Protein chains: 2
Amino acid sequence: MPRDHRPAKSIRVLLAEDQGMMRGALALLLGMEPDIEVVAQVGTGDVIVDAALTHRPDVALLDIELPGMSGLDAAAELRDQAPDCRVLILTTFGRPGYLRRAMEAGAAGFLVKDGPVEELAVAIRRVLTGETVVDPALATAALSAGPSPLTARECDVLKASADGATVADVAARLHLSESTVRNYLSAAIGKTGTRNRMEALREARQQGWL
Amino acid sequence: MPRDHRPAKSIRVLLAEDQGMMRGALALLLGMEPDIEVVAQVGTGDVIVDAALTHRPDVALLDIELPGMSGLDAAAELRDQAPDCRVLILTTFGRPGYLRRAMEAGAAGFLVKDGPVEELAVAIRRVLTGETVVDPALATAALSAGPSPLTARECDVLKASADGATVADVAARLHLSESTVRNYLSAAIGKTGTRNRMEALREARQQGWL
DNA sequence: GTGCCACCCTGACATTTGTCACACCGAACT
DNA sequence: AGTTCGGTGTGACAAATGTCAGGGTGGCAC
């Protein structure tokens with residue numbers, strides 16, 4: 001283990017990302033910054049809080065789509081259990097609903113993976129000063145899009161209908177009548193302005209409403 | 001532009017990857033290897049061949065899911081137009097059908113993004129010696145799975161049905177009768193052992209048959 | 001040639017899906 | 001109290017989806 005000299009005050013970072021190569025690459029790059037130290041790497045969402053409690057990072061860099069637990073849910077838990085740890089969300093797509101939910105979960109920043117890598121270290125330093133770092137264009141998009149029009153039940157039914165589950169399957173899993181399931185799907189289709197459950201599902205995902 | 005001394009014979013690499021942060025991180029890491037030089041970076045599939053012809057890389061590192069043109073199709077074109085350039089496929093999921101099609105397209109290697117980053121430089125050096133680098137477990141899976149049972153037309157209809165396109169839409173786009181479209185979908189459903197178009201789509205994608 | 005087989009294409013029918021009108025319940029306001 | 005309103009749940013009907021039986025064509029073995 002290389003123990004070369006490092007600055008007295010280095011920023012402790014927790015990295016949560018499921019794709020191994022991405023995780024490794026980011027850890028290496030961040031580790032090269034003189035003032036940043038990656039103290040923990042995890043590949044699933046359900047160990048984020050544990051890792052944060054044991055390694056006490058200053059910043060948690062969280063992907064959203066993770067096995068086990070969503071990065072957004074993990075952010076909300078971190079706010080309660082490790083309030084000193086600032087959360088920086090790093091996600092593949094800048095869905096308006098994702099940004100909205102990230103802010104509601106107490107995130108200090110929101111980055112998309114499309115941007116240049118240099119943004120990353122800059123953003124980490126800025127959230128530590130108390131700044132909130134968000135792409136301005138994305139912020140306005142999230143505001144103008146408004147909150148999700150879908151009710152909780154409609155979300156449940158949509159999520160359960162993913163991957164081709166039939167109405168009977170969904171009804172059984174959620175303990176509802178088939179008519180009810182069809183009705184919720186119809187409502188979701190109407191609210192998304194689409195023509196069938198598949199389009200509704202795509203649109204809801206696109207907006208980050210699930 | 002830093003022009004520090006570099007070894008006389010450095011490996012010239014073309015990097016095709018749509019996610020900006022991943023692309024930048026990989027380029028930086030590869031650039032640190034003493035014998036590797038990233039001579040071109042692209043974010044869409046349709047410029048891969050052009051970039052290869054102008055920059056003459058020794059190895060092309062291609063993602064599969066790319067806007068514009070699939071990395072697999074680009075690999076096939078590279079075999080014709082730049083036969084000296086060895087192709088190394090780098091993809092998110094190790095779908096058996098992807099591996100099969102990569103080999104049929106003349107790829108020299110197949111890596112999944114889950115693995116450690118260190119694999120990458122090693123793989124690049126190995127494909128240059130003429131070796132074919134593939135994860136053995138994945139190779140046996142691809143062999144045991146057999147080739148795709150779907151006919152060309154069935155693939156077309158499945159792909160056109162993605163994202164909730166209705167039968168009428170597909171029929172119009174492919175200049176077919178609605179009955180025909182339904183029949184192809186039914187065949188695909190039967191061959192995939194699923195119950196509706198959505199499950200068939202998911203399964204076919206999972207296997208890399210599209 | 002003849003048969004065989006795979007693929008492409010189509011129409012008629014049963015099943016599933018989407019729409020609509022309506023009943024129930026709790027919260028908020030008058 | 002009554003009233004309104006949004007979310008929830010349900011059954012009857014129309015429209016889309018999935019299944020089946022079958023016709024047409026071209027390649028290939030015999």
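Please read all numbers here as calculations on a predicted model, not as lab measurements. Numbered from 1 within each chain, the chains take letters A, B, ... in sequence-line order.
- Results of the side chain to side chain contact (heavy atoms under 4.5 Å, CB included) test with A:I89 over A:D63, A:L62, A:V112 single out A:L62 as the only residue that passes.
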Donor-acceptor pairs are to be reported for all side-chain atoms of residues 201-210 of chain B against protein atoms at under 3.5 Å, with residues two or more places apart or in another chain.
| unit_1 | atom_1 | unit_2 | atom_2 | d |
| --- | --- | --- | --- | --- |
| B:E203 | OE2 | B:Q207 | NE2 | 3.2 |

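- A:E119 meets the salt bridge (Lys or Arg N to Asp or Glu O under 4.0 Å) test with no other residue; sequence neighbours excluded.
- Against DNA chain D, the stretch residues 181-210 of chain A makes heavy-atom approaches under 4.0 Å through A:N183, A:Y184.
- Listed by residue number, the members of residues 153-167 of chain A with any heavy atom below 4.0 angstrom from DNA chain C are A:T166, A:V167.
- Put simply, the side chain of B:L14 does not reach to within 4.5 Å of the side chain of B:V38, judged on heavy atoms.
- With hydrogens and angles left out, the side-chain atoms of A:E37 and A:S10 include a donor and acceptor closer than 3.5 Å.
- The residue B:T180 sits close to a base: some heavy atom pair falls under 4.0 Å.
- Separation of atoms CD1 (B:I48) and CG (B:L53) is listed at 12.0 Å; rounding is to 0.5 Å.
- Scanning DNA chain D 5' to 3' for nucleotides with an atom closer than 4.0 angstrom to a non-hydrogen atom of chain A gives a first and last hit of D:dG7 to D:dG11.
- The main-chain N or O of A:G68 is never found under 3.5 Å from a side-chain atom of A:D46 such that the two would form a donor-acceptor pair.
- Considering every non-hydrogen atom in both B:L138 and B:G94, the closest pair reads CD1-O, 3.1 Å.
- Residue contacts for A:S179: at a heavy-atom cut-off of 4.0 Å it reaches a base atom on one of the strands shown.
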Which atom pairs, donor and acceptor, lie under 3.5 Å between side-chain atoms of residues 167-177 of chain A and protein residues at least two apart or in another chain?
| unit_1 | atom_1 | unit_2 | atom_2 | d |
| --- | --- | --- | --- | --- |
| A:D169 | OD2 | A:T166 | N | 3.2 |
| A:D169 | OD2 | B:R195 | NH1 | 3.3 |
| A:D169 | OD2 | B:R195 | NH2 | 2.8 |
| A:S177 | OG | A:S179 | N | 3.1 |

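- Once rounded to the nearest 0.5 Å, the distance linking CZ of B:R23 with CG of B:L28 reads 11.5 Å.
- Summary for the helix from C:dG1-D:dC30 to C:dT30-D:dA1: the axes at its two ends, each from 5 pairs, differ by 20° when rounded to the nearest 10 degrees.
- Contacts classified as side-chain hydrogen bond (donor to acceptor under 3.5 Å, both in side chains) and involving residues 131-143 of chain A (residues at least two apart or in different chains) are given here: A:R126-A:E131.
- Screening residues 148-160 of chain B for salt bridge (charged side-chain N to carboxylate O under 4.0 Å, His left out), with sequence neighbours left out, gives B:R153-B:D156, B:E154-B:K191.
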N/O donor to acceptor pairs below 3.5 angstrom from side-chain atoms of residues 77-84 of chain B, sequence neighbours left out:
| unit_1 | atom_1 | unit_2 | atom_2 | d |
| --- | --- | --- | --- | --- |
| B:E77 | OE1 | B:Q81 | NE2 | 3.4 |
| B:R79 | NH1 | B:E104 | O | 3.2 |
| B:R79 | NH2 | B:E104 | O | 3.4 |

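- Listed by first and then second residue, the salt bridge (charged side-chain N to carboxylate O under 4.0 Å, His left out) pairs involving residues 10-21 of chain A are A:E17-A:K113 (not counting sequence neighbours).
- B:T151 comes within 4.0 angstrom of the backbone, heavy atoms only, and of no base.
- A salt bridge links A:D35 with A:R125: the distance from a Lys NZ or Arg NE/NH1/NH2 to an Asp or Glu carboxylate oxygen falls below 4.0 Å.
- You can see that DNA chain C meets the heavy atoms of chain B within a 4.0 Å-exclusive cut from C:dC7 to C:dG11, reading 5' to 3'.
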